[in-house]
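What follows is one structure encoded as structure tokens, with my remarks underneath.
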Amino acid sequence: MSRETMNVEERVWAAINLEKPDRLPVAPDCQPAGAAKLTGRTQSVVANDPEEALNAELEAFDKYGGWDMYHMAVPSTNINTLFLGMKVKLPGRELLDNEPYQVVEEEVVKLEDYNNIIEGGWQNFFMNDLLYRIAHESDNIPELINKIQEIVQKAFQEWAKRDTYVPCWAGDLHPFFKLSLTRSMIKFTEDLYYRPEIVEKALDRMVQETIKTVIDKVRATGSKIAWLCEERAGGFFYPLPIFEKYWWKYTVQIVDALWSEGIISLWHLDTSWDKNFHYFKKLPKGSVILHFDGTTDIFAAKKELGGHLCLMGDVHPSLLSLGKPEDVENYVKRLIDEVSYDGGLILSTGCNVPAAIKPDNFKALVDTGKNYEFSK
Amino acid sequence: MAEQLTNLLVDLKNEKFLSQLKDRATKEDPVKILDECKRGMEIVGERFEKGEYFLAELMLSGQLFKEASAILEPYLLESGAQEYRGTIVLATLKGDIHDLGKDIFATLARAHGFEVHDLGVDVPASTVVDKVKEVQPNILGYSCLITTSFEPMKEATEEIEREGLREKLKLTVGGGATDEFTKKYLNADFQTTDAAEGINYCLKVVGGELNE
């Protein structure tokens, strides 16, 4: 039986650089909602107490034998979710104790706000106006921001004690995604079709801010990978001309700006991107990681993008919540045999570890990912 | 003129569509006008199936249809009851407050001539069972975006089975958190993440194409 010959960092970078690692790197996206289930905490505890959220993640990591990369090292709680720009319903507040937090699809950014964004920038609009529209009456915003900084420091120290690679302390949402979340999907889609000029002007302004913010954060934290998120722009939602003009154009700008600084961008891409694979082929080889959520056909993505970009994913949340350990094992084996046979894959969950995950299924994911190749 | 209203909807010419609709609503048979809108939605659905239209166009045409229905409603009430192709009960179960996908599906289903009882989000299993007993739908649809609503969906389904109602309806489940495992777990008849595919299934159910 073969043995590990690389450390966690070498293994992850081999996959990113499209080389064959000693074995598949394993990196489940274990956020507090899933970590709560894995460690016996309620959703209310992890959603409302950032310290407990981090504790849940650390405990899950230790309990399941650890894994190679923890790419979202700052736990997502009631504080960070405000940065989605949406109102949030929390367990223990609006929801039952063991229901995960959820965002409210609502038009919190109005049509007239586009001009404020274009003139003053998104960050200014967000910090001085939008944040106060979405915050709950009990939220003390300066206190929450301080708390984020505290928890980032603690996360930094705690992850450094563990044998895992934590390369990603900077991130942002794609400007398109920010507008879709905050305008609400239907209103934003109406904007794209009925008043596209104002959307384009806003995106022109916002993308420059995104690039600067992410690069500044990467430099300040010594990160090597920046996390970027988009869940609403792929071919599942929009025709290619809309995708090209309002998403792809800006994505190329972001990727190029980061790549020229030596930064890899890790794109969290939910929903199906099957119709968009050929665009990603145009990005510089090895410049991005594409994290799919189980609805994109990762096997088809491998055929089109294999040898060009690193893929990540994609054990479906339904499989992890309802399947049997052998179902998870079989799926991970298939990923290894058909996607990772020549490198270029980081094994992960489709989106985050789900709040209803069965612990034995999580174990099957991590263990199969770490051991299957060596057992052959 | 009739074709023009249909085409305005299909081409998403929102201002012209609504202006013409408002103008005609005061003068013409509202059932006929609604039929023209429904025809438009059918064409949108056909284009979606061919890959010419995307979810964005389904959403926008659905919004226009919704506005048209609201404008025509008082005239339709005056002219008597509408005929429906079939009845659908829709719900996002307890613990899940996402309504976007469910709302899109509900609008499309209405546009295709279904009577839709949309129970909303965060719905207790007992509410679903009561509504199924009351209206005896052809189709019961669950919408689901988070995994914690798998159990409430299961609970509702089991209660429907216990009440002897399950054989009388087709159970469908849709949404980003669902897949074949969800379908099997719920013993559902159909699963999809594609609203238009869901409508096609419902049309087959009421068209008798799925009878064994």
Side chain, backbone, both or neither: which part of [X] has an atom under 4.5 Å from a heavy atom of chain A?
| X | result |
| --- | --- |
| B/Leu100 | side chain |
| B/Asp103 | neither |
| B/Thr178 | backbone |
| B/Ile146 | side chain |
| B/Leu186 | neither |

May I ask you to test the [X]-[Y] pair for a side-chain heavy-atom distance under 4.5 Å?
| X | Y | answer |
| --- | --- | --- |
| A/Phe188 | A/Arg232 | no |
| B/Phe190 | B/Asn200 | no |
| B/Phe105 | B/Cys202 | yes |

Max heavy-atom pair count under 4.5 Å with chain A, selected residue of B/Leu58, B/Asp96, B/Asp99 = B/Asp96
Looking at B/Ser149, B/Cys144, B/Ala177, which one has more heavy-atom pairs under 4.5 Å with chain A than the rest?
->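 So the answer, after comparing B/Ser149, B/Cys144, B/Ala177, is B/Ala177.
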Given the options [options], which has more heavy-atom pairs under 4.5 Å with chain B than any of the others?
| options | value |
| --- | --- |
| A/Leu96, A/Ile357, A/Val103, A/Ile186 | A/Ile186 |
| A/Pro239, A/Ser321, A/Gly235 | A/Pro239 |
| A/Met185, A/Lys89, A/Gln43 | A/Met185 |
| A/Leu192, A/Asn98, A/Val104, A/Asp327 | A/Asp327 |

With only heavy atoms counted, which part of A/Phe237 is less than 4.5 Å from chain B, the side chain, the backbone, both or neither?
->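 Backbone plus side chain of A/Phe237, per the 4.5 Å heavy-atom cut-off to chain B.
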Could you point out which residue of A/Trp267, A/Phe292, A/Trp248, A/Trp247 forms a ring pair (Phe, Tyr, Trp, His ring centres under 6.0 Å) with A/Trp273?
->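 That would be A/Trp247.
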So, is the end of the A/Arg183 side chain (NZ or CZ) under 6.0 Å from the ring centre of A/Tyr114 and within 45° of the ring's axis?
->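 Relative to the ring axis of A/Tyr114, which defines the angle, A/Arg183 lies outside at least one limit.
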Is there a donor-acceptor contact under 3.5 Å linking the side chains of B/Asn14 and A/Tyr193?
->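 No, no side-chain donor-acceptor contact under 3.5 Å.
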Would you confirm whether A/Gln102, through its side chain, and B/Gly95, through its main-chain N or O, come within 3.5 Å as a donor-acceptor pair?
->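 Confirmed, A/Gln102 side chain pairs with B/Gly95 backbone.
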Please find out if less than 6.0 Å separates the ring center of A/Tyr64 from that of A/Phe362.
-> yes
